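Right, one structure below, let's go through it.
What you are looking at is a predicted structure, and each value in this text was computed from that prediction instead of being measured. Quick note on labels: first sequence line is chain A, next is B, and so on, each numbered from 1.
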Protein chains: 2
Amino acid sequence: MALDLDESKMVSPSAEAESTTLANEAFERLRADIISSRLAPGTKLRLHNLREAYGLGLSPLREALSRLSENRLVVATGQRGFRVREASVQDIMDIAMVRKEVEGFALRLSIRYGDDSWEAELVAARHKLALVERAGREVAEDLWEARHREFHHTLVSACQSPCLLHLQRILSDQFDRYRRLSAQSRIPNAPRSLIHKEILEAALARDADRAVTLLGDHISEATKLIVAGLSAPQESRKKTARTPKTGSTR
Amino acid sequence: MALDLDESKMVSPSAEAESTTLANEAFERLRADIISSRLAPGTKLRLHNLREAYGLGLSPLREALSRLSENRLVVATGQRGFRVREASVQDIMDIAMVRKEVEGFALRLSIRYGDDSWEAELVAARHKLALVERAGREVAEDLWEARHREFHHTLVSACQSPCLLHLQRILSDQFDRYRRLSAQSRIPNAPRSLIHKEILEAALARDADRAVTLLGDHISEATKLIVAGLSAPQESRKKTARTPKTGSTR
DNA sequence: TTCCACCCGATTTTCGATATTTTGGAACCA
DNA sequence: TGGTTCCAAAATATCGAAAATCGGGTGGAA
């Protein structure tokens with residue numbers, strides 16, 4: 001489960017050699033499984049099942065779920081446990097609007113403060129993204145997601161604001177979940193790379209207004225596709241973890 | 001401990017009758033104690049001490065601390081436990097900048113979408129704030145904080161964006177902690193209410209540009225005071241929970 | 001029939017006991 | 001003296017059992 005892409009170091013703020021804990025592992029795996037829709041929206045997250053599935057004790061799992069609920073990927077209800085946050089058109093449109101604002105602001109700052117190595121990282125990230133887009137299609141959906149995320153993260157990474165980066169991560173996580181979700185019933189990608197190239201060029205030219213506008217368009221465009229995919233009949237490609245346990249009556 | 005103001009229903013999104021858990025209680029109490037600086041920045045949060053102080057088991061406490069760490073009030077380090085997030089001038093300036101942007105955006109939306117009862121709530125919130133400002137001074141610092149927070153929350157509450165409200169809460173929490181922190185070594189408040197009245201009036205007049213500008217000024221002004229208070233020699237008013245160890249000393 | 005109180009199995013939540021890791025300092029070399 | 005290594009004390013992280021709680025179904029009364 002939770003296939004661990006090499007590149008999915010994901011957006012971990014300041015990477016120090018920090019001995020990890022099981023709770024952290026649980027957090028990362030659950031997060032990945034929810035974002036990738038391996039755990040479908042609305043799925044009841046029974047502790048007992050998770051214990052079996054991930055081979056972890058209850059405490060680390062509860063800790064992880066608590067953290068995820070603060071990130072709006074999981075909903076925790078009083079004495080009724082946890083479930084994967086429900087998906088809705090209204091919700092994704094809300095998220096998109098906020099992301100546009102926050103990521104736009106961060107991009108503006110990044111363009112103001114970014115130095116040479118930021119530019120270099122940006123070029124590199126966009127190149128890796130282009131490579132995976134030119135090559136395989138669906139084969140590498142996970143890889144595409146990872147590189148796409150990395151590109152967007154690099155875009156804002158020079159904004160000099162840990163706080164903003166934190167918010168951006170929360171928003172990306174939610175947005176990416178919807179993308180993956182709607183991708184299940186959608187033809188692959190349009191010529192996406194084009195817009196990324198344009199954003200890159202605007203950023204390198206330090207044209208903040210243009211870059212932010214392009215980024216906004218990009219997000220709006222993606223949101224439109226996502227909404228379309230959500231409304232479309234869900235091609236169920238898998239029985240995603242609908243409390244598989246069995247045995248008893250009913 | 002953790003004096004529970006009547007008004008501190010705080011910003012709880014959709015208030016439903018939901019049976020609470022000990023973990024939730026721990027979260028609220030720790031959050032309140034950190035924001036109010038009863039737990040000073042940098043304080044090591046030893047689980048055994050907390051267990052004693054709050055009379056709770058380890059699991060609820062760990063859960064609460066995990067959640068708080070996602071809210072940037074607590075820092076969790078690998079196998080080295082938790083501590084209250086350190087305070088710094090750089091950090092508060094970062095927070096203030098982001099809050100200005102996010103809350104400004106939310107206010108703009110609120111002004112667009114707010115209806116009659118929003119206006120009414122706004123007037124009411126500002127009135128309660130004015131009352132507490134006119135009356136006692138330091139006596140009611142907690143009360144002032146609660147009503148101030150409520151006023152700001154009401155300002156943005158009509159923005160129709162749960163996502164934005166979530167971010168606003170995270171930012172307010174952090175900002176408020178700094179205010180309380182620096183208030184320890186600062187003369188009380190300037191004529192703050194004036195600016196609130198101006199914001200209120202701009203909002204009622206549906207003058208979004210003016211309201212957002214005023215709000216921005218308000219935040220900048222507050223930040224200036226906070227930074228001044230932070231740099232000033234800390235009048236230590238209490239040995240704030242430096243791993244007290246021995247029996248109950250008040 | 002409809003409503004309501006009660007009960008049972010399933011699930012969540014909490015607790016205290018272990019296992020694991022870090023920390024601080026004493027002993028030990030160059 | 002300065003710098004390692006190693007050990008014991010202390011703290012964290014994890015586990016599984018016990019307690020609390022929920023949801024649904026049953027049966028009795030109006």
Exercise for the section: Starting from P on D:dT12, measure out to CG on B:Asn49 and report it in whole angstrom. Expected result: 8 Å

Fill in the blank from the handout: Sequence neighbours excluded, the answer for side-chain hydrogen bond (donor to acceptor under 3.5 Å, both in side chains) partners of A:Ser172 is A:Gln168

Problem - Nucleotide D:dA13, atom P - distance to CD of A:Glu25 in whole Å - result: 14 Å

Practice task
For A:Asp115, look at atom CG and say whether over 12 heavy atoms of other residues, nucleotides or ligands are found less than 6.0 Å away.
Solution key: yes

Problem - Ion pair check, B:Glu70 and A:Arg72, cut-off under 4.0 Å - result: no

Exercise for the section: Could you state the atom-to-atom distance from CZ of B:Arg83 to C1' of C:dT22 in whole Å? Expected result: 13 Å

Practice task
Test side-chain contact (heavy atoms from CB on, under 4.5 Å) on B:Leu50 and B:Arg46 and set out the steps.
Solution key: CA-CA 6 Å; B:Leu50 295 180; B:Arg46 261 173 269 270; over 6 Å; no

Problem - Electrostatic pair B:Asp173-B:Arg149, nearest N-O below 4.0 angstrom - result: yes

Practice task
Scan nucleotides 12-21 of chain C nucleotide by nucleotide, 5' to 3', and note B when protein non-hydrogen atoms come under 4.0 Å of the base, S if they reach only the sugar-phosphate, - if neither.
Solution key: SSBBS----S

Exercise for the section: Indicate the ring-plane relationship of A:His152 and A:His148, choosing parallel, tilted or perpendicular according to the 30° and 60° boundaries. Expected result: perpendicular

Completion exercise
Counting only Watson-Crick and G-U wobble pairs with both atom distances below 3.5 Å, the stems of 3 or more consecutive pairs that include DNA chain D are C:1-30 with D:1-30

Exercise for the section: Walk me through it: do B:Arg177 and B:Arg85 pass the test side-chain contact (heavy atoms from CB on, under 4.5 Å)? Expected result: CA-CA 10 Å; B:Arg177 177 173 81 116; B:Arg85 178 174 280 266; 3.8 Å; yes

Handout entry: Among A:Leu30, A:Asn24, A:Val74, side-chain contact (heavy atoms from CB on, under 4.5 Å) partner for A:Arg67
Key = A:Asn24

